[in-house]
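Before any comments, here is the structure.
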Amino acid sequence: MKQRDRLRIAMQKSGRLTEPALELLNRCGLSFRQSRDKLFCFGEGEPVDLLLVRDDDIPGLIAQGVCDLGIVGRNVLDEFRLTTGREAAPLVELRPLGFGRCRLSIAVPQELDYQGPQTLEGERIATSYPGLLGEWLRTHAVNAGVVTLSGSVEIAPKLGTADAICDLVQSGGTLVANQLREAEVLLESEAVLAGPLALPIDERGDMLELLLKRLDGVIQVRESRLLLLQTSRSSLEAITRLLPGGPQPTLLAVAGQPDQLMLQALCAGEVSWRQLEEIKKAGAREMYVLPVEKMLA
Ligand code: PRP
Ligand code: ZN
C-alpha cells in the first residue's frame, strides 16, 4: 500500500456524534471542504482529512490502516476489541472527548420483578453488543441466550423475540416508550479518540502529536472560566478564600490607584451567580466571567 502523508480520521457520517465531533475538530484548528453527502472531506488548513462512515465500521478502518484515527463511542470500540480476533491490530483509546455520553444497559419489561443478574438466568437478551453483553454474563455467571440484532433492539420484548434487551441509554426516552426499565449498567460510554497501539512515525505522527496537544488544550479549558475582578488590597484575602478552585490567581496593579488590584483567576468549572454574589459581598467590584477558548501550556 502506498504510504499516505496526510492524517485521516474516521467519524460517524450522520448521528449523535457527528456535529460535536466536527465542532471539536474545528476548535482544534481543522476545517474541511464540506461535502457532507460524500464519504471524504478534504482538510483545508492542516494535512488532516475526514472519512465519514457508519460508526460500527470505524474500529475496523483503523485496524486495517485505512484511517489513522477515529472518533467513536467507547461502546463501539470496546465491542470491536472483544469480538475481533487477535489477528486485528490492537486499538487504544487515546483521549476521552467528553461528549456523546450514554451507557450500555440491560433493560427489562417494567412489570418484571428484577432481583439481580440471576433473574436473567435462562432468558433471551436482544442486543447489538454481543461481545460486551457476553463478557458481563460470564463475569456474573449467568447463562442467558444472546439474540444479536443490528437495530430496533428495544422492540424485541414486545415482539416476543427476547425477554430483555442490552442497548444504549441516553435520556431513557426509548426505554420509557417501550415499557422497559434499566436494570444494570454495563458500560459508561462517551465519544473517544481511538487509534492504533503503534502510532505512525512519519509526518502523520508529527501531525498527530500536534493534534493531541491541541485537543488537550481544548478539552482542558472547555469547562474553564476566567474570572476578572477589582478589589482593594484589604479585601484581597477574604476574596481569595472564596475563589472556586484552580491555580493561584494573578494580581495586577491599577494605574493611579495604589490601594486597588485587578485579580484574574482561572476557574476549573462554571462560576455561578451565587458564588459571584458571595465574592462581591467580600468586597469585589467590576466582576467579569469569561469563557476560555484555547489553552497552550
Ligand atoms: C440509541 C439506542 C436507543 C437510543 C437511546 O440509538 O439504540 O435506541 O439511542 O437513547 P435515549 O435513551 O435517549 O432514548 P441511536 O439513536 O444512537 O441509533 P443507533 O442505535 O442506530 O446507533
Ligand atoms: Zn449505531
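We count ligands from 1, going down the list as the structure has it; atoms in each ligand are counted the same way.
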Seminar exercise, completed: Note: ligand 1 atoms sitting under 4.0 Å from heavy atoms of Val169 are 12 (O)
Exercise. Quick one: which ligand 1 atoms are inside 4.0 Å of a heavy atom on Ser171?
Worked result: 11 (P), 12 (O), 13 (O), 14 (O)
Exercise. Would Gly151 count as a contact of ligand 1 if the rule is a heavy atom under 4.0 Å away?
Worked result: no
Exercise. Which residues satisfy the side chain to side chain donor-acceptor pair (under 3.5 Å) test with Thr139, sequence neighbours excluded?
Worked result: none
Exercise. What pairs of residues pass the salt bridge (charged side-chain N to carboxylate O under 4.0 Å, His left out) test when at least one of them lies in residues 68-83, not counting sequence neighbours?
Worked result: Arg4-Asp68, Asp68-Arg204, Arg74-Glu93, Arg74-Glu190, Asp78-Arg81
Exercise. Backbone, side chain, both or neither: what part of Asp167 comes under 4.0 angstrom of ligand 1, heavy atoms only?
Worked result: side chain
Problem set entry | N/O donor-acceptor pair under 3.5 Å between Thr127 side chain and Tyr129 backbone | yes
Exercise. Is the closest N or O pair between Gly172 and ligand 1 shorter than 3.5 Å?
Worked result: yes
Problem set entry | Nearest option to atom 8 (O) of ligand 1, as decided by whichever heavy atom of Arg16, Glu154, Glu182 sits closest | Glu154
Exercise. Is the count of non-hydrogen atoms from other residues, nucleotides or ligands lying under 6.0 Å from Glu121 atom CD greater than 12?
Worked result: yes
Exercise. Do Ile71 and Val92 share a hydrophobic cluster (ILVMFWY, side-chain heavy atoms under 4.5 Å, transitive)?
Worked result: yes
